Each structure stands twice: as structure tokens, then as C-alpha cells.
Amino acid sequence: MTGFWAHSNNFQRRRHGLVAHLRGTAWRAQAFAEVFGAGALAFYLGLVHDVGKATHAWQQGLLRAEATNSRVLGVDGRGIDHKRAGTWLAARRANLGVFAMVVWGHHGGLRDRQMLKDAVIQADRAGSAAVQEAVENVVGLVPEIEGVLPVVLPDWLTRDADVEAVELMVRMVFSAVVDADVIDTREHRTGQAPVKVQPLSSLVESFEANRGRYLAEQLRRWGSSPVDEVRARVYAKAVAAGSGAGEPGIYPFAAPTGAGKTIAAAGFGVYHARRRGLRRMIVAVPFTSITEQNAKVYRSLFGAENVLEHHSSVDVDDMADDRRRQHRFAVENWDAPVVVTTTVQLFESLFDCRPAAMRKLHRLAGAVIVLDEVQALPDAMLMPILTVLRHLVEYFDTSVVLASATQPEYFALDIFRDVPAAPLITEPQQLFDELRRVRFEWRCRPKPSFAEIAEESADLRQVLLIVNTTRDAARLHRELSAVRGCGGPVLHLSTRMAGAHRRKVLKRINLRLRLGRAVAVVSTQLVEAGVDVDFPVVYRALAPAEALLQAAGRCNRHGVRAEGRVVVFEPADGDIRAAQLIYGSALDITRTQFGPGRDLDQLLAMSRYYKTRYAVDGIENSSTAVRIRQLRREFNFTKVAELFTMIEERTVSVVVPYGDATERRELLEELLGEGPVGPSVYRRLQPYTASLPRRLAARAVADGLARVLVGDLYEWLGDYHRDRGIDYGTGGFIF
């Protein structure tokens, strides 16, 4: 055998040389990890990751697979291990300890420390012949794999480092190596090198020009507003903070709803990037609907070519092996100056153990992370999240913006207690007083029924009603549709509707509001975070204090009226059990601390509410938080991934019969066809997808109303309501 190969023939009938692949992966991994001081470590791990392919058995398997046009290597389809040799080199020759897990897991994922120990011991014993064969075959071609010289590690790793920070470093180096491996392999397969993108730090001038055009268009569409001057001041403060901040840090951004936080956060990000030479900004929001809206704004500000929107819930790693190979390149690696995603996508990727989910993590280093509507982070996962944010700032050159109109009291918790806060707005209460635009009314004692709320609001010309669940939204929509008396449509918003359907409804709502026409809207809470609507009257079913304030932000949002009216009601016939499951103790604490005469928009009152909530829930020492901390310190990545979940009830994406039927059919044919599927297919399907709880989707499949397409992507086969979308499981189909 005169040469060693890493991959079979590509489109030009050329094989991929093993040495070329090892060095190509190493160089890319080094460049990715250099940002956080681990370039030498990532280089070595990339260099040895596929050394095990240099055995006679593996090379013969490659040739057999190539001859039979099969991608399965080895005898009887079992495959021939090629990870053990590189793992052994990293652990024994280079003495890299837990970082050898990067090599062992670069295909199957990070597992646990014991599995690594077992793999190395087996390489020492039964597997030593194959390991030594591979090493001897490669060492003459790539002498660095011997690990004779020590791999230089970041200084902080050589000191008494926090074990959870070391665990995060394993994740980040793993991400760099896996991404480098995938890119180098893809370049061989396709002959296409990755497109180089501009760093965020270079976009200040174009951002400001685009911002000027965007504001002019908003002025033309909506006219001037008394709030405009306040928004300009908020933006100026954010830019000044970004321009002056020379170190990574945690930046609370407390400003009332309607103060222009989206654009101001973008301004902070781009000026902070120029100040510190950063490459990207990752904006994470709690709901897909906000992701879509924010991405649209950022495309206007930064240019569509510079913004990546990523919130697909299609889980390619849960597919069978043959389908995973076909779809794996659809997973984004966040190589863009601006990434708009969901908090679920961001944090579940950070605590995942699978290669496809973790490829993008190294992009968080040397970046600005904007957590929009940060109050929506789940209490149960708060301690692991805050821990990883602190370590990203301390060790990975990352800055974090905590943006919210209802700023949580994270700095009162031990994990943040000694972290210096650098608020973008130094006197936020003054802003809240200046932008106070509503009065609250409370309808909780006695509790009204949905029918009573519908009757009460039926004659209001423009009204928004927000409830806690899709079931309640469907019920209230039916009740209000039956009694609406002042003309104008009764519209509906929820995640049961396709993305394009929601956007169409929002466009219709804003047009009617702008023209002063009658409109009533029933919505779930998706409308209250980042959605730019402005009603004179808002009804909000009882929810935690921060949700009530977010809802108030949809009332008299632009300050064009002397005062708006927000009615807080507790429905007697609402889905109480679901609301309690969603909100937990926060609902009870809101009942006791707020009400008539007890203002929601006083920051001291909100601070007291959060501190009470954290104490009641014992979030710092909750069983889940303690268990995740323990597992991270044991480097048990599999168990951490199993325990960490941002949402109690999983949802899946469902392609629904809405919109252009021809395009939808063509996309599904492409998705289910024989050829490779690119990320654009999933993006182009998003306008046609709604969401369902996983358990409800499974029930729908059993009832013949849905079918599984790929992974966690379903197709809806039942009726699609013209107003409410998928009406399944909300009390029946009523048309």
C-alpha cells in the first residue's frame, strides 16, 4: 500500500489523502480555537483524530465500500474502529487527560470519563496491535503525532481551575475539532471551500447607514411618536457603552418595553465588536416568533447576507444512521457576523453531547451574546446557564448582554455575586417613569369566565387578549367570535399556526391598527415578547409579574394616547393545571405581591419579587442544578445532556397545509428524495411549519392526522383551521 486515504472518491473521482485530511483538520481546528487560547491543543487533537484509519483493515474496508458504492466500512457492516489510535495518542503520548475525549467522541459524541478510561486501557491491551500499526504507519508522515513536545495549554488550565470551566473547555475544543473535520471532509466531497464572511467589527459604517434608512421607513409608515426621543437616548447610551467597553463582561440592559432594545442591543454589539475586534454577535430570544421578527430587523440593519437565522427543531442526530448521513450537512455552524436563534437552540447546544449539535459552540468565543427577553430563562436550568455564561466571559473572551424590561436579579445569586455588572442604562427607573403609558385593572376576585371576558371586550374597537395556553386561546377565540359586536375581525395568534400564517396575521393586525380600524386579537404569550403591536386595551390572563409587564408593553406602546388600559384577569374556566405547570411558584408569588395599588412597573418591587421567587424555589441548590453540577465535574457529558432541558414539554415542527401548495410539495419531495439535503430546504420549509407538543404529535400520528417525515419533522394530514391553524387537542374542530 503506497498511500493512506481518509475518504473515498469525490465528485472528481479523487480520494482524500489521510495526511492531507489530518493536517487540514488540524489547521482549521487551530484557527477556530486560537480565539480562546487553545489553538495548540485543538491542532494536536485534529492532527490525531483519524490516525486509526492508517491500518490495512480500515484501508481495505474503504476500498470495498468504494467498489460497492457503499459508505459502510468494514466486514458485515459493523465498521472498523478508527478513533482508538488517536485517543490513545492524546491520552498516553501527549498526556492530555480528559481532552482525549475529543478524539474518542468526534463521531459518536462526548460520553463520559469512564468510557475514555476503558477505551485507553483496551488500546493498551487487546487493541494495541491495530493502534500500533496505525501509529507506526503515520508517524513517519506526521511526526508531530508522537507528542514528544508538550502541547501548550491556556495558562488558566494549568492552575487550580474550576472543574466546570475545564468541562466547558472540552466542549469548546470538541466543537472546534468536529467543525474542522466536517468542513475539511465537505470540501473534499464537493470541491467547495467555505465562503469567508466579514467580521462583525467591520460592519459599523454599513450598520449606521442601514439604521438611518430603517428609521426613516418606520417614520414614514408609523409617523412620529413621543417615544422616539427616548429611544434615541437609549440607543446612544448603548453605543457609548459598547464603544467604551474594552474587556469582556456581563452587561445588564434594563429598559421598558417599547424603548427600542432590539436596535440598541445591535448598536452595542457592533460597536463593542469594533472596540474589541470581535467576529460575531449571537442574539438569542425565547420564542420562534420573535426570532423571525428580530431576524427581519437585523437583516435590515446588517444586510441579509450577514444574518443567519437558526431555530430549526429538526433533530438530525435522532435519525437512523443512513438518514443522518444524508442530512448532517443541514446543521448550521453559525459562521456569520450576526446569528439570530432561540435560547433553546443556544443553551441546549451548550449542554448537548452530540457532534452535530455542538459544531457551532466555538463560535461563541470572542463574540457578543445578546440574551433578549432574558427573564424567560427557566428557573430550573438557571444555575447551569449562569455558570456557563460566567465561564464564557472569564475564559473565552465573550461578552453577554442581559436585555429585559423586567430585569431578573441574577447578581443577587452566589454565582454572579462577585461578578462586576456593567449596566447599559445606569438609572433605568427614570426611563420606566418616563415611559409609563398604562394603568392596570385587576379582575381576579371574583374570577370571570372566558364567556364573561368575551362579552366585556366584545364592543371594544381595538383589543388584544392574551392567555397562557393554546387550548385557552382557542376557547376564548371561539367565545369572542360568537359575540363580537363592533365589527372588525377576531384574529388569532399561536404556535399552532404556520410561520407564514402568523406573519400574515401580524401584518393584517398592524395595518388595521395603523388605519384606526376595528380589530380584536386573541393570542398566546408569543405576542408579548418583542412583537411590535400597539393596542389601546390589553387583557392578560394572570401570569407571573414579568409576563404581565411584557403584555403591558403591547398597550399604548408608542405613547400616542394619554393612557392605555391593561386588565389582568384570572379565568375561572382556564387551563389552571397547565398554567401552574408552566409558571410554578411565580404565579402564587405574583398573586401575593401585586394587585390593586401595588404597581408592577416599580423596579424595587420587581427585584423583591425575583428574590422571593429564587428563595421559594431554592434554585441555587435545586436537585437538578446540583445533579448537573456534579455530572459536569465528573465529565459525564451523556447524563448532562439527558438532564438539561429548557422546556418541560418538547415540541416538534409540523408542516401544515398552508400557503403555496406547489412549493410545499416540491420542498417535501426534495427533503425525502435520495440526494443530499442542504440547510436551505429546512429554512424554506419554515413558513409552512407550526408546532405541536411531542406527545400530541404522537397521538395525531396514531389518529391518522399526521405522519413522521424526517427526525422530529412531521406533516399534518388533518384539517387546518383558517384562523387557528392546527385545532387538534384544543377542544375539538369547530369551523
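Bear in mind that the values here come from a model prediction, so they are computed numbers and not experimental data.
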Whether the side chain of [X] engages the backbone of [Y] through a donor-acceptor N/O pair (distance < 3.5 Å, no angle test) should be reported.
X    : Y    : result
R496 : Y728 : yes
K53  : A6   : yes
K360 : N333 : no
R554 : Q550 : yes
E66  : N9   : yes
W716 : D719 : yes

Quick one: do the [X] and [Y] side chains pair a donor with an acceptor below 3.5 Å?
X    : Y    : answer
Q375 : S404 : yes
R724 : H477 : yes
D660 : Y688 : no
N294 : R299 : no

salt_bridge([X], [Y]) N-O dist < 4.0 Å:
X    : Y    : answer
D184 : R28  : yes
E666 : R684 : no
R475 : D472 : no

TODO: Going by the side chain to side chain contact (heavy atoms under 4.5 Å, CB included) test, name the single residue among L464, V521, V522, I466 that passes it with L493.
DONE: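 Only match with L493 under side chain to side chain contact (heavy atoms under 4.5 Å, CB included): V521.
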- [ ] Identify which one of L389, D352, T342 satisfies the side chain to side chain contact (heavy atoms under 4.5 Å, CB included) criterion when paired with F347.
- [x]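 For F347, the side chain to side chain contact (heavy atoms under 4.5 Å, CB included) test succeeds with only one of L389, D352, T342, which is L389.
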Open item on the list: Ring of F450, cation from R478 - is the NZ or CZ under 6.0 Å from the centre and inside 45° of the axis?
Closed with: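 Because its charged atom misses either the 6.0 Å distance or the 45° angle limit, R478 does not stack over F450.
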Open item on the list: Are H501 and H721, when compared by the centres of their aromatic rings, separated by less than 6.0 Å?
Closed with: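 No, the ring centres sit 6.0 Å or more apart.
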TODO: Assess the pair H49 and H107: is the distance between their ring centroids shorter than 6.0 Å?
DONE: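 When the ring centroids of H49 and H107 are compared, they turn out to be at least 6.0 Å apart.
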Open item on the list: Could you tell me if the side chain of F32 sits less than 4.5 Å from the side chain of S175, heavy atoms only?
Closed with: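 No; the side chains remain at least 4.5 Å from each other.
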TODO: Indicate yes or no: at least one non-hydrogen side-chain atom of L717 is less than 4.5 angstrom from one of E715.
DONE: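 With C-beta onward as the side chain, the pair touches.
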TODO: Could you pull out all residues at least two apart from E479 that satisfy salt bridge (charged side-chain N to carboxylate O under 4.0 Å, His left out)?
DONE: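 E479: no salt bridge (charged side-chain N to carboxylate O under 4.0 Å, His left out) contacts found.
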Task: Gap between atom CG of L308 and atom CZ of R280 - 0.5 Å precision - done: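 One gets 10.5 Å once the value is rounded to the nearest 0.5 Å.
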Task: Inter-residue atom distance I628.CD1 - N636.CG, 0.5 Å rounding - done: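 So the CD1 of I628 and the CG of N636 are separated by 11.5 Å.
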